[in-house]
> 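Here it is, the structure in full.
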Amino acid sequence: MVQTPMMDWKAPRTWPKNIRWAVACLCLFCLLASLLIMSRGEQLSAAKKNIVRVSSQKQEMAMRLHNSGQERSDIGRLLPMLNELEEQGIFGEERRLEWVERLRSIEKTWSGLRIRFSIEPQTLRPLPIGSVAGPSKLGLYGSEMKLNLKLAHEMDLFRVLDALAKPSIGHFETRECSLKSYGKGQPLEANCSLHWFTVRPLPISAEMNGKL
Amino acid sequence: MPGNNPLISRPRYFILHLTAGQGDLFSLTGNRMCHHAELSLTTPEDIQPIADKFNSAPWLVLVDQPEEDFWGQLMPPLRGKARAVWLEKLAAKSTFESNFRWVQVHGRSRSNPGKLRVLGYSLGQPEALTEWLEALSAANIRVRGLYSPALLAESAMQRLEIKSDGVAVLVTPHRTGWRQCVMVAGKLRFSRLAVITGAQEADWAATLQAETEKLHDYLLGNGLLKNTSTFMEVFYVQPDSQFTATNALPKQQAEGHSYVCLSAAEVKKRLRLQSPAGTFTSAESFYVWLLALRQPKAQLAPLRFRQIDVSKRIAGALYLAGAAIFLVALLFAAFSFYQIFSIEQESTSASTQLNRLNTAYEREKESFPKSAIGAEELRELETLWRSTVQAGSSTPLTLMSLVGGVLRSHESLRIDELTWKTERLAAPRNMPGMQADAVEDSLQIKGVVLDLASDNLRGGRDATLELVADLKKRDGIQVDIVHMPFDLLPNALVTDSGDNSKNEANFEVRVWSRRQ
């Protein structure tokens, strides 16, 4: 007579075939159930997010429509400022070519003046704290510039800085300036560090990042 | 044959009743019992030919044989593994070398309340039983368990609605003798199959009385009854074949055993079972019925004989669990589908409204002055403009021209280097009431005091101090001396080489102003 082998619960290999099949089916059912629940859950979550987004957009749009009169009046009031800032080169892209041209023109204007410069790549600067409430749509961009000047007279330094500060190529801030004398008959040497600021709307991705 | 009989077309159980070395097969369909008397199961080999036809339900094996052993002991109140080991040791104390055994804890002992009463039970002739069980296993039959009438006695008393707080005896005449199950307060204490030969059918009442007396003596002799004045309530299950009006139960004495006869009709009524006429020819069918109705948790077969059934039940439970889990997932999916559907409908409606608002806004926007950026950005630009550009920035001209004006009156000084710097000094954050960021402009003046006589050690200092004093007269600035000529500090080493031509008359002064 053939004796049925004993099964050991701790050793799945000794389990009868039907139990192994049942365990496999249970695992499969669990897997399918998990996938089903996860996929439905994700879809549900996406649908909820979508309705929240659409509702918030709707609310925002309703608010904008409601405030459109104010918006019209604000645009009318602030448009001259925008035009002025555009003319001054503060709003929009950096006008590097104009900057170089202006430096060359300054160099030609005063004899004995020699200017060497370098401009760092432009970067997005943090906005001054409290300047904008909520996520910003505008970016404050800045480039650091180094100037090396050979001057015949110390007043030349102020003339150069004055000429650079004239409108149409942007807003500059002088951060550091040193003036050295190498003795009588020798030209003075000045080294200045300036920051060049411009403002323009943030690209959509940056604006989104700002919001998130 | 089962295939032709609609009553057993879907049986719940098959019951193999083993007695006197041969088997009888019963099947239970619904609450109808059917005895397959046409099958001749005299040896275990007879199982194989019928296995295929009777394999649609689990088999319950009921063994009715006189070879049985009861033993009892008092157990200390143990728990967990110690209790299991103790019970296992007790189970091994049977007089038979049998694997078909069972132990049951009966609660606190009356004589020794600190201990628990344990009853052990085993079946003899294990070889014969093993052969039957192995034949069933070999035929791939699902054996759910091996039972004996003793294991069913408690259930029998409950089913027959017999309540007895004293000593009760349930007597059932079987093919090979009479089964007597002794119960004390509803718990089994002893059972035996008294082998009776002769014409007990004709005079069953006298036989019952005689066998009861024998049992009483036996129980007294073995200490199961404490004294002779303990009398028993005897319940006699009477088969159809004995039902005659001429026989009467023994009359109850003022002191003695009491007898109650339960007719076949009464038993059938109390068990709520249906059976074809003539099935209840012997009272042993009573235990078959009891077993069919409900199987007690305790059974006697080792796991290896029940493995097919156990594995099928486990597999069934696993399939059921899987199906339940999947069903729950489906319900969740259906519910979430409904939710998503509702949300999407809401979303579509909101989108339509948004589009309508958008269109209205765009129409409105057409009347706005033309601008590269929107009103929001313009407002932001205005704020930004005010806080950065319009706030004004520092220029070196202010400090340098101020210092230049002062230096004109100090011709003995030569200026070598002027370094102007502006710094934003952050005010401490998250401290209420603190001032806003401050801007500090500073100008560092490095120079030399000229035309000093070689022995004029104080001239350089005086010239520098004069400069500082003049600078301090100007409003809005602070002056610090960074380096003083001939500054002989107490912690520095001072030596005199005798050469005064290289007197160091360098000075360094820092002028600074701060604004919010």
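Chain identifiers are assigned alphabetically (A, B, ...) following the order of the sequence lines, protein sequences preceding nucleic acid strands; residue numbering begins at 1 within each chain. Any value given below was found using the heavy atoms of this structure, including those in side chains, with hydrogens, waters and symmetry copies removed.
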> Kindly indicate whether the side chain of A:Thr174, heavy atoms from C-beta on, has any atom under 4.5 Å from the side chain of B:Thr422.
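No, side chains not in contact.
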> Nearest heavy-atom pair of B:Ile343 and A:Ala47: which atoms, and what distance?
CG2-O, 3.4 Å
> Tell me, for B:Ala317 versus chain A, whether the close heavy atoms (under 4.5 Å) come from the side chain, the backbone, both or neither.
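B:Ala317 has no heavy atom closer than 4.5 Å to chain A.
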> Taking A:Met81, A:Arg53, A:Met155, A:Gln70 one by one, which has the highest count of heavy-atom pairs under 4.5 Å against chain B?
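Heavy-atom pairs under 4.5 Å are most numerous for A:Met81.
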> I need the minimum non-hydrogen distance between B:Leu354 and A:Met61, along with the two atoms involved.
CD1-CB, 3.9 Å
> Could you check A:Arg72 against B:Glu364 for salt bridge (Lys or Arg N to Asp or Glu O under 4.0 Å), going step by step and ending with a plain yes or no?
CA-CA 9 Å; A:Arg72 186 188 296 108; B:Glu364 195 71 21; 2.8 Å; yes
> Rounded to the nearest 0.5 Å, what separation is found between the CZ atom of B:Phe332 and the CG atom of A:Leu36?
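Answer rounded to 0.5 Å: 8.5 Å.
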> Which answer fits A:Cys177, side chain, backbone, both or neither, if we ask what part of it has an atom under 4.5 Å from a heavy atom of chain B?
both
> Of all of A:Ile75, A:Asp162, A:Asn191, which one pairs up most often with chain B through heavy atoms under 4.5 Å apart?
A:Ile75
> Under 6.0 Å from the CD atom of B:Glu417, do we count more than 12 heavy atoms belonging to anything else shown?
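Counting neighbours around CD of B:Glu417, more than 12 heavy atoms of other residues, nucleotides or ligands fall under 6.0 Å, so yes.
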> To the nearest 0.5 angstrom, please state how far the CG atom of A:Leu44 sits from the OG atom of B:Ser336.
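Going from CG on A:Leu44 over to OG on B:Ser336, the span is 6.0 Å.
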> Check this for me: does any side-chain nitrogen of one of A:Lys137 and B:Glu376 sit under 4.0 Å from a carboxylate oxygen of the other?
yes
> Is the closest side-chain heavy-atom distance between B:Leu357 and A:Arg64 below 4.5 Å?
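They are not in side-chain contact.
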> Where on B:Phe368 is there a heavy atom nearer than 4.5 Å to chain A: the side chain, the backbone, both, or neither?
both
> Counting only heavy atoms from other residues, nucleotides and ligands, does the tally under 6.0 Å from CD of B:Glu411 exceed 12?
no
> What is the minimum heavy-atom distance between A:Asn18 and B:Tyr319, and which atoms define it?
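Heavy atoms only, the tightest pair is O-OH, 4.4 Å.
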> Please round to the nearest 0.5 Å and tell me the distance separating atom OG of B:Ser401 and atom CD of A:Glu154.
11.5 Å
> For B:Ser367, which atoms come within 4.5 Å of any heavy atom of chain A: side chain, backbone, both, or neither?
both
> Minimum heavy-atom separation for A:Asp74 and B:Ala375, please, with both atom names.
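That would be CB-CB, 4.3 Å.
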> If you count heavy-atom pairs under 4.5 Å between each of B:Leu443, B:Leu327, B:Leu418 and chain A, which one has the most?
B:Leu418
> Nearest 0.5 Å, please: how far is CD1 in B:Ile373 from CZ in A:Phe91?
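It comes to 4.0 Å.
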> Taking B:Glu380 for the side chain and A:Leu138 for the main chain, is one N or O donor matched with an acceptor at less than 3.5 Å?
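Checking the backbone N and O of A:Leu138 against the side chain of B:Glu380, a donor-acceptor pair under 3.5 Å is found.
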> Quick one: what part of B:Phe337 sits under 4.5 Å from any heavy atom of chain A, side chain, backbone, both or neither?
both
> So does A:Arg125 have more than 12 non-hydrogen atoms from other groups sitting under 6.0 Å from CZ?
yes
> Could you tell me whether a side-chain N or O of B:Glu377 sits under 3.5 Å from a main-chain N or O of A:Pro201, the two making a donor and an acceptor?
no
> Name the option with the most non-hydrogen atom pairs under 4.5 Å to chain A; the candidates are B:Asp441, B:Thr395, B:Asn358.
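Most heavy-atom pairs under 4.5 Å with chain A: B:Asn358.
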> Chain B: which of A:Phe172, A:Tyr182, A:Phe29 shares the most heavy-atom pairs with it under 4.5 Å?
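Top option by heavy-atom pairs under 4.5 Å: A:Phe29.
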> Between B:Trp385 and A:His171, what is the ring plane arrangement, given parallel below 30°, perpendicular above 60°, and tilted in between?
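It falls in the perpendicular class, over 60°.
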> Please identify, among B:Met400, B:Gln444, B:Lys446, the residue contributing the most non-hydrogen atom pairs under 4.5 Å to chain A.
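It is B:Met400.
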> Would you name the heavy atoms of A:Ser178 and B:Thr419 that are closest together and state the gap between them?
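It is CB-OG1, 3.7 Å.
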> What part of A:Arg77 is in contact with chain B, defined as an atom under 4.5 angstrom from a non-hydrogen atom: side chain, backbone, both or neither?
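Side chain only.
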> Check whether A:Val23 gets within reach of chain B through its side chain, its backbone, both or neither, counting any heavy atom under 4.5 Å.
both
> Under a 4.5 Å cut-off applied to non-hydrogen side-chain atoms, are A:Leu82 and B:Leu378 in contact?
yes
> Could you look at B:Lys312 and say if it's the side chain, the backbone, both or neither that has a heavy atom under 4.5 Å from chain A?
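Both parts, heavy atoms under 4.5 Å.
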> In Å, rounded to the nearest 0.5 Å, how long is the span from CD of A:Glu176 to OG of B:Ser442?
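Reported to 0.5 Å precision, the distance equals 8.5 Å.
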> Under 4.5 Å from any heavy atom of chain B, what part of A:Leu157 do you find: side chain, backbone, both or neither?
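A:Leu157 touches chain B through side-chain heavy atoms alone.
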> Output the option from B:Leu397, B:Ile325, B:Ile415, B:Asn355 having the highest count of non-hydrogen pairs under 4.5 Å with chain A.
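So the answer, after comparing B:Leu397, B:Ile325, B:Ile415, B:Asn355, is B:Leu397.
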> Should A:Val199 and B:Leu381 count as side-chain neighbours, where that means a heavy-atom distance under 4.5 Å?
yes
> Identify which of A:Leu65, A:Leu161, A:Asn50, A:Leu28 forms the greatest number of heavy-atom pairs closer than 4.5 Å to chain B.
A:Leu65
> Calculate, to the nearest 0.5 Å, the distance between atoms CD1 and CD belonging to B:Ile340 and A:Gln43 respectively.
4.5 Å
